[in-house]
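Here is the structure we will look at, set down as structure tokens.
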Amino acid sequence: MMVSRFSLLALSLALLQPLVAGLVVPRYFKPHPFTRRSLSVQKVQEELGAIVSSGSTIFGPEDPRFAEATERHSTHAVPIIEVVVVPAIESDVSVIVEYCNDNSIDFMAVNRAHARTYTVGAFDGLMIDLGQLLGIEMQPDEKSAWFQGGTYDGLVMDYLWERGFVATTGSCDCVGMMGPGLGGGHGRHEGLYGLISDNLLNLNVVLANGSAIRVNETSHADLFWGMKGAGHNFGIVTSFELKIHPREVDVWHYHNYIWTEDKLEQLFEEANKLHADGNTPVNMALNVATFVLNQSISETEVVIFWTFAYRGPAEEAEAILAPFNQIEAAYDESGDVPYPGISDIQGTSLDSANCALNHEWVMSTSGVKVYNVTATREVYQLYQQYLDRYPQLSNSYVAHEGYSNAAVRSFRAEDSAFPFREYNHLLAFGAEVPPGFRDNLTSIARKLADDVSALWNAGQPGVPPSNYVNYATGFEPLPSIYGYEPWRLERLVGLKNRYDPHNRFRFYNPIVQNNGS
Ligand SMILES: Cc1cc2nc3c(=O)[nH]c(=O)nc-3n(C[C@H](O)[C@H](O)[C@H](O)COP(=O)(O)OP(=O)(O)OC[C@H]3O[C@@H](n4cnc5c(N)ncnc54)[C@H](O)[C@@H]3O)c2cc1C
Ligand SMILES: *[C@@H]1O[C@H](CO)[C@@H](O)[C@H](O)[C@H]1NC(C)=O
Ligand SMILES: *[C@@H]1O[C@H](CO)[C@@H](O)[C@H](O)[C@H]1NC(C)=O
Ligand SMILES: *[C@@H]1O[C@H](CO)[C@@H](O)[C@H](O)[C@H]1NC(C)=O
Ligand SMILES: *[C@@H]1O[C@H](CO)[C@@H](O)[C@H](O)[C@H]1NC(C)=O
Ligand SMILES: *[C@@H]1O[C@H](CO)[C@@H](O)[C@H](O)[C@H]1NC(C)=O
């Protein structure tokens, strides 16, 4: 495990003294003064197995199912899983949480295991695998649907499209709905409808003490505010009601290009014109520019792979792309496909490299308002230098995401815990450290990751750094994750006091970073 618990704790103490002060729970207040450290998998199977519903499964590391159940997108900071419990029905989740509390076992809900943050690496306990909670139920008025907590983007996109609808989801088929959704959730429909969290109507939540509650605009409204942007800190969503929208179009147009580096300045200037500071044509749903190596173009020189997805047919899309078509590409391909096919084209389908599991990813991020062309060139150069020097890092990326985001900006920032609506672009860095190079290259990759985000942040002097909670590593200052207005963190800490006073939910970019006891 690369992230030591001690370093995380030290970091949190340094950052959070004033916030945590009110939350330290005196020993005599601890709900369960005893602990059963020697609890075996077999004991959990016997005791918990007797009280959860019959379709649930419980297994430990010895079980053949364990390896697959605990696979993760990134192996950089992995939670220690002592036992996996797969609830069959929603009410099992309460039973599991109560059992954990009675036995002083830490628990963690896993949706699709694509968490990027390193803070999950501080976990040691029981994993609640939501993989059996996959139900989807459209409501009779066709304005919303209920989804269970284990649903994920590809499943939801396919299910709704076939029935003539779409919803706000993330863009990667493999990623969960609630993993992203509790922190906002960016996706190809955000220009029209906003984030996943902006479209939530109801949440069925199991709190830290095992109580199951309904959270919405009128029921636990304070928590509803917090769960729309900082939700990983407060409970386990067993199901949620989300708005759905008629799909309106039959095809999406795509155009993928590869450009050589000499076009970088021209391209990013055009991109800034296209996005016009948050005024992207609303159907130009998502374009992503990635610095990568592509052996068929060059063995050593990083190229710019740029993929555009447009909600509608070629004619409309290509009119908008005309300036890009004038910049000579080394390669390009385009076409029209039904919406679920767009994932394949943009490299976000279940079998894409992006969705591959069990690689060591060293990551960083930054949100920016516009692309700073100078800073973008500096990042390119630094990245190229590292790849020249450490060719083993060649399966890495620098990604520049350009969503059309009019609707995201139209929601009032104070109405939810999602703090950064004015940052138009998410920038993401990932270095893959190949097996066998962990000891040699991880710290080098880490330095590169930090330097890249520092260049991004230096590219917008006067603009406070933002780190989208779902892209953050957890080492960034808390205000850069949860918002700079002091009332935001105060309000979130207040919610923690009320709904999770023992800090059971502290493994995903925690607002409060003490160890809960
Ligand atoms: C390949 C890839 C693509 C991505 N694409 C996007 C994207 O398009 N848009 C975007 O916004 N983000 C995206 N992200 C970031 C993504 O939002 C986070 O990594 C997110 O945590 C992944 O969710 P998950 O369900 O797959 O992961 P998990 O690791 O299963 O979940 C992350 C955390 O969420 C919490 N959690 C999960 N389910 C529940 C639940 N039902 N109730 C309560 N808490 C829960 C748990 O604390 C858990 O540790 C992407 C990440 C990767 C690696
Ligand atoms: C909010 O939850 C309450 C309590 O369950 C319920 O009565 C109400 O109908 C819900 N509101 C919405 C909009 O669903
Ligand atoms: C590399 O470029 C070729 C075109 O030269 C393209 O067909 C291929 O899809 C690219 N590979 C990746 C991984 O993008
Ligand atoms: C890692 O570094 C050590 C010490 O410098 C070296 O002996 C070893 O060969 C390296 N391993 C790899 C896989 O590069
Ligand atoms: C762009 O980035 C450079 C390098 O960090 C910086 O000097 C410059 O001020 C930035 N430009 C703008 C307009 O912010
Ligand atoms: C569980 O926690 C909630 C929120 O703190 C509280 O309202 C409720 O009474 C608690 N339930 C039990 C059974 O203690």
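This one's a predicted model, so the numbers in the text were calculated from it and none came from an experiment. Indexing begins at 1, ligand by ligand and atom by atom, following the structure's order.
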Under 6.0 Å from the ring centre and within 45 degrees of the ring axis: does the NZ or CZ of [X] meet both conditions for the six-membered ring of [Y]?
{"X": "Lys496", "Y": "Tyr499", "answer": "no"}
{"X": "Arg116", "Y": "Trp361", "answer": "no"}
{"X": "Arg491", "Y": "Tyr482", "answer": "no"}

Atoms of ligand 3 close to Ile297 [distance to a heavy atom under 4.0 angstrom, numbered from 1]: 5 (O)
Proximity to ligand 3 by part of Ile258, non-hydrogen separation under 4.0 Å: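 Within the 4.0 Å criterion, Ile258 contacts ligand 3 through side-chain atoms alone.
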Whether Thr218 lies under 4.0 Å from ligand 2, heavy atom: yes
Taking 4.0 angstrom as the limit and counting only heavy atoms of [X], give me the atoms of ligand 1 inside it, by number and element.
{"X": "Tyr403", "answer": "8 (O)"}
{"X": "Gly185", "answer": "11 (O)"}
{"X": "Gly149", "answer": "41 (N)"}
{"X": "Gly176", "answer": "24 (P), 25 (O), 26 (O)"}
{"X": "Val110", "answer": "30 (O)"}
{"X": "Ser171", "answer": "7 (C), 8 (O)"}
{"X": "Arg116", "answer": "19 (O)"}
{"X": "Tyr508", "answer": "18 (C), 20 (C), 21 (O), 32 (C), 33 (C), 47 (O), 49 (O)"}

What protein heavy atom is closest to [atom], reported as residue, atom name and distance in Å?
{"atom": "atom 9 (N) of ligand 1", "value": "His186 O, 2.8 Å"}
{"atom": "atom 43 (C) of ligand 1", "value": "Gly235 O, 3.1 Å"}
{"atom": "atom 15 (C) of ligand 1", "value": "Asn470 O, 3.5 Å"}
{"atom": "atom 42 (N) of ligand 1", "value": "Val237 N, 2.8 Å"}
{"atom": "atom 35 (C) of ligand 1", "value": "His232 CD2, 3.5 Å"}
{"atom": "atom 5 (O) of ligand 3", "value": "Ser296 OG, 2.8 Å"}
{"atom": "atom 1 (C) of ligand 1", "value": "Asn354 O, 3.2 Å"}
{"atom": "atom 11 (O) of ligand 1", "value": "Tyr468 OH, 2.6 Å"}
{"atom": "atom 4 (C) of ligand 3", "value": "Tyr331 CD1, 3.3 Å"}
{"atom": "atom 31 (O) of ligand 1", "value": "Gly179 CA, 4.1 Å"}
{"atom": "atom 14 (O) of ligand 3", "value": "Asn294 ND2, 3.5 Å"}

Under 3.5 Å donor-acceptor, Glu476 side chain and Thr473 backbone: yes
Main-chain N/O of Gly55 paired to Gln132 side chain as donor or acceptor, under 3.5 Å: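 Indeed, once roles are kept as given, a pair shorter than 3.5 Å links the two residues.
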Check ion pair [X]-[Y] (N to O, under 4.0 angstrom):
{"X": "Asp198", "Y": "Arg421", "result": "yes"}
{"X": "Asp106", "Y": "Arg506", "result": "yes"}
{"X": "Arg438", "Y": "Glu360", "result": "yes"}

Side chain, backbone, both or neither: which applies to [X] and ligand 1 if a contact is any heavy-atom pair less than 4.0 Å apart?
{"X": "Leu182", "result": "side chain"}
{"X": "Tyr471", "result": "side chain"}
{"X": "Thr238", "result": "neither"}

Is any N or O atom of [X], backbone or side chain, closer than 3.5 Å to an N or O atom of ligand 1?
{"X": "Ala113", "answer": "yes"}
{"X": "Met108", "answer": "no"}
{"X": "Gly170", "answer": "no"}

Can you tell me how far [atom2] of [Y] sits from [atom1] of [X], rounded to the nearest 0.5 angstrom?
{"X": "Ile58", "Y": "Arg65", "atom1": "CD1", "atom2": "CZ", "value": "10.0 Å"}
{"X": "Leu350", "Y": "Ser343", "atom1": "CG", "atom2": "OG", "value": "8.0 Å"}
{"X": "Ile511", "Y": "Leu492", "atom1": "CD1", "atom2": "CG", "value": "4.0 Å"}
{"X": "Leu192", "Y": "Ser404", "atom1": "CG", "atom2": "OG", "value": "6.5 Å"}

Verify atom 9 (O) of ligand 2: protein non-hydrogen atom under 4.0 angstrom away: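 There is no protein heavy atom less than 4.0 Å from atom 9 (O) of ligand 2.
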Residue pair Asn202 / Phe240, side-chain heavy-atom distance below 4.5 Å: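 In short, these two side chains do not touch, never coming nearer than 4.5 Å.
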Student check: side-chain heavy atoms of His220 and Arg214 closer than 4.5 Å: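 They are not in contact (no side-chain heavy atoms under 4.5 Å apart), so the answer is no.
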When the ring centroid of [X] is compared with that of [Y], is the distance short of 6.0 Å?
{"X": "Phe107", "Y": "Phe505", "result": "yes"}
{"X": "Phe308", "Y": "Tyr257", "result": "yes"}
{"X": "Tyr423", "Y": "His425", "result": "no"}

If hydrogens are left out, which of [options] has an atom nearest to [atom], that is, the closest non-hydrogen atom?
{"atom": "atom 2 (C) of ligand 1", "options": "Asn204, Val175, Asn111", "result": "Val175"}
{"atom": "atom 27 (O) of ligand 1", "options": "His114, Glu401, His73, Gln148", "result": "His114"}
{"atom": "atom 48 (C) of ligand 1", "options": "Gly184, Gly187, Ala109, Cys172", "result": "Ala109"}
{"atom": "atom 6 (C) of ligand 2", "options": "Asn202, Asn216, Leu203", "result": "Asn216"}

Nearest non-hydrogen partners of Val302 and Glu261, listed with the distance: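 Nearest pair, atom of Val302 first, then Glu261: O-CB, 4.1 Å.
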SG-SG under 2.5 Å, Cys355 vs Cys172: no
